[in-house]
Structure formats: C-alpha cells, structure tokens
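Reading through the structure tokens given below for one structure.
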Amino acid sequence: MKKRQLRRNKNKFKRVSLAFFGLVIILAGALFLFLPKGTTSVTKNNDKKTSSISISTSNSSISDSGKQVIYPTIYITGSGGDISSIEPLVTRLLPMEKAGQKPLVLLANIKKNYELKVQGQISKDAQYPMIEFGTVAKTDSGALFSAGLQKAVSYLVDHYQVPWINLVGYSSGGTGAVYYMIDTAEKSSFPPVNKYFSLEGEYNDVTNLVAGEGLTDVLENGPLIKTAMYNYIADNYTKISSKTQMMFLEGDFDTEKQTDSAIPWADSFSIYHLFKKNGNEIAITLYPTKYRHSKDPTNPVVAKYVKNFLYGTP
C-alpha cells in the first residue's frame, strides 16, 4: 500500500511540475511576442543615491506663485533649423491626455542673437505640454543649439512653474540637447532634465568606423576617431546628472554600411559608454526600418518608442 501511495504521489508531482513548466513556457512566449522588435541594450543605475528623478507631479495645475505648473517635453529639430523635421513626430503623438491638442512652438533665431518667436500657447489643462524647438537658420553646431535652447527654456521658466523637463533630440538636435545638458548643469535657474530621448542623434560629426574597429568596440570604449564635437561631450559629460534617464534610438536602414542613411551607428552610439560610466540608466536600440534618416520622425514605430519611454504608454 505504501509503495502504491508513493507511486501515486510521484505521478501527481510529475503532472503538477509539467503543468507549471508549461505555464512558464507560455508566459515567456507571450512576453517575446509583445516586446518591441529591434536590438536593445539597457544599463540600469542601481545606486539608490542616484536613482532616477522622481516623476511624481503636483495634482494642482497652479503653483503658490500663481504660475501654471507644467512638465514639458521639448522636441528639438535637426540641422535644417525650422520645425518641419520634428513636427511629424509630434503630430503622431498628439492629442494626448494632459498634453493638449497642439504643441507650443519656440524658435530662437541664431542669426539674430537668439531672438525668440513664440507660436501658440499652452492650454490651462496641459500639465505635460509638447514644445517644438527650432533655430530658424541652418546649423549643426551644438553650441548654437544649446544657446538657443537656453533662451527657450528661460522663457518657459519665466512664464510657468517648471519642476523638470524632458528632451527629444533629432539628428543635430541631439548634439544640441547634450550640449544644453552640459552647459546648464551648474545653472540653478534651469530645471533638471528628467529624461532624454536621442532620435538618430549626431555626436561625433558623422564619423564612420575605421579599419579594424567594430561597433562593439565603440560601445565599450568609444570611437577611435574623436572629433571636436565628441571631445566636448567626453570632456564634460560628468556634469550631467546621473539621474537623467536616457534612450538612444537608431535606425537599421543599411545593415552592411551600418547607417540610418545619414548618421553612422558608430556616431549615434559613440557616447553610450560615457553615460554608462556616468551611472545613468541608459538604453540603446537598433531597429529595422525602410525609412531614410530624413523621414524617420514620420515613422509610426518611432512614435511608439517615444511614447513608451517618455509617457509609459504603448
């Protein structure tokens, strides 16, 4: 009797075990299906002292000073200067709850001492407004972008209560975003940057890999050829808060040439190792695309990555 009972118990245990492992396999398969396509690497900051900036927000849209409280995301255009390159992305994202129906447009004219032109307004119920930023004139200078952005953010701070901002830098706008974070890091009048999203950003003056160099080498140690653009970031990146969360998205348009059609992968990912060393929570993603670099802001896949990273929505 005891032997029969033992056999029954063993058979029952086997059935339960098989059912459990079957459930695990099903769940794993489901997770695989719903993960975004593309190659992603994530480095998390596990230091509790430098955890990500709190995203808790005030329930009130008006501060004690009487100013409207906003947590804006600034979408920075590419080298063309006007907002036409970044506008399609914002159009895909709006309307969004608490973000309003239309973006506010801020144009800092780099040819006229950063004269600021404001188009539109932030609605009273928009706590998370989207801001489109342009430099009016063409430029790929990180310094000029940074100065213009400082003028734009100063305008926001003067007219609103701004606890923190998010930045989205497209192409040369990515250069400007990182320069801005460096240049304002020690200026208390500027709000901290909560999250930074790099959309095919330029950080090493469109520099390709050289003979004997691989993308893995760049990710681990940085590029062999270092331009003045890259060196400014490499010399100053430690000024940027390790609490700023970052994502670098790059298109796999031409796998053989390792490019999004304009910016080499080695350029767009050239500063990854710096912020990994800095302790930032940072993700890099290479996604398959048929869109060329100039058209990537129109890509619905890009919009999904932005929404997921910045707003936590699919």
Side-chain angles (χ1 to χ4, degrees), residues 29-42 55 71-105 120 123 126-134 165-174 176-177 194-202 245-265 267-269 272 282-314:
L31 284 172
F32 175 79
L33 288 173
F34 287 104
L35 281 173
K37 293 181 180 180
T39 303
T40 304
S41 173
V42 181
I55 60 170
Y71 304 85
T73 298
I74 302 175
Y75 291 79
I76 309 164
T77 193
S79 61
D82 60 31
I83 60 169
S84 61
S85 64
I86 202 68
E87 192 170 30
L89 173 58
V90 176
T91 300
R92 281 195 174 276
L93 296 172
L94 288 174
M96 185 183 294
E97 186 179 1
K98 294 186 178 182
Q101 299 292 318
K102 295 181 178 180
L104 177 71
V105 177
S123 60
Q127 276 192 295
Y128 305 95
M130 298 185 192
I131 316 292
E132 294 177 350
F133 172 80
I165 64 173
N166 292 328
L167 296 175
V168 176
Y170 166 61
S171 194
S172 294
N194 179 40
K195 293 182 179 182
Y196 171 55
F197 189 98
S198 170
L199 175 55
E200 301 183 355
E202 177 189 3
Q245 296 178 41
M246 299 183 176
M247 181 172 184
F248 286 66
L249 185 66
E250 176 68 358
D252 182 0
F253 177 81
D254 190 325
T255 304
E256 184 178 350
K257 294 182 179 179
Q258 296 193 16
T259 179
D260 62 24
S261 81
I263 307 294
W265 303 348
D267 180 315
S268 205
F269 293 149
Y272 165 76
I282 181 171
I284 57 172
T285 298
L286 188 63
Y287 73 103
T289 181
K290 294 181 179 180
Y291 289 73
R292 301 185 72 86
H293 175 83
S294 62
K295 296 296 181 182
D296 276 319
T298 69
N299 191 336
V301 174
V302 169
K304 288 181 179 180
Y305 275 109
V306 172
K307 288 179 72 175
N308 184 59
F309 177 71
L310 293 180
Y311 308 107
T313 59

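The model shown is predicted, which means the values in this text are computed figures rather than measured ones.
What you find for I86 and Y170 is that their closest heavy atoms are CD1-CB, 3.6 Å. Shown here for F253 and Y291, the closest heavy-atom pair between the two residues is CD1-O, 3.4 Å. Contact detail for P88 and T298: the closest heavy-atom pair is CB-CG2, 3.6 Å. For the residue pair E132 and P103, the shortest heavy atom distance occurs at OE2-CG, 3.5 Å. When all heavy atoms of T77 and G81 are compared, the closest pair comes out as CG2-O, 3.7 Å. The two residues M96 and L93 make their nearest non-hydrogen contact at CE-O, 3.6 Å.
No side-chain N or O of E202 forms a donor-acceptor pair with one of S171 less than 3.5 Å apart. Side-chain contact check for D260 and S268: no donor-acceptor pair (N or O, by modelled atom type) lies under 3.5 Å.
Within the model, atoms CZ of R292 and CD of E200 stand 11.5 Å from one another, a figure rounded to the nearest 0.5 Å.
Here the side chains of T73 and I131 are not in contact, with every heavy-atom distance at 4.5 Å or above. Contact annotation: the side chain of L167 never approaches that of N194 to less than 4.5 Å [non-hydrogen atoms, C-beta and beyond]. Counting only heavy atoms from C-beta outward, the side chains of T285 and M247 approach each other to under 4.5 Å. Looking at F197 and F248, their side chains never come closer than 4.5 Å, going by heavy atoms from C-beta outward. With contacts defined as side-chain heavy-atom distances shorter than 4.5 Å, the pair I74/V168 does not qualify. Here the side chains of L310 and Y128 are not in contact, with every heavy-atom distance at 4.5 Å or above. Between M130 and L94 the shortest side-chain heavy-atom distance falls below 4.5 Å.
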Are T289 and D252 close enough, and set up right, to give a side-chain contact (heavy atoms from CB on, under 4.5 Å), and what steps lead you there?
-> CA-CA 6 Å; T289 181; D252 182 0; 5.5 Å; no

Y75/V306 under side-chain contact (heavy atoms from CB on, under 4.5 Å): CA gap, chis, key distance, verdict = CA-CA 11 Å; Y75 291 79; V306 172; 3.9 Å; yes

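In this structure, Y305 and Y287 have tilted ring planes: the angle between them lies in the 30° to 60° band.
K195 forms a cation-pi arrangement with F309, by the criterion of a distance under 6.0 Å to the ring centre and an angle within 45° of the ring axis.
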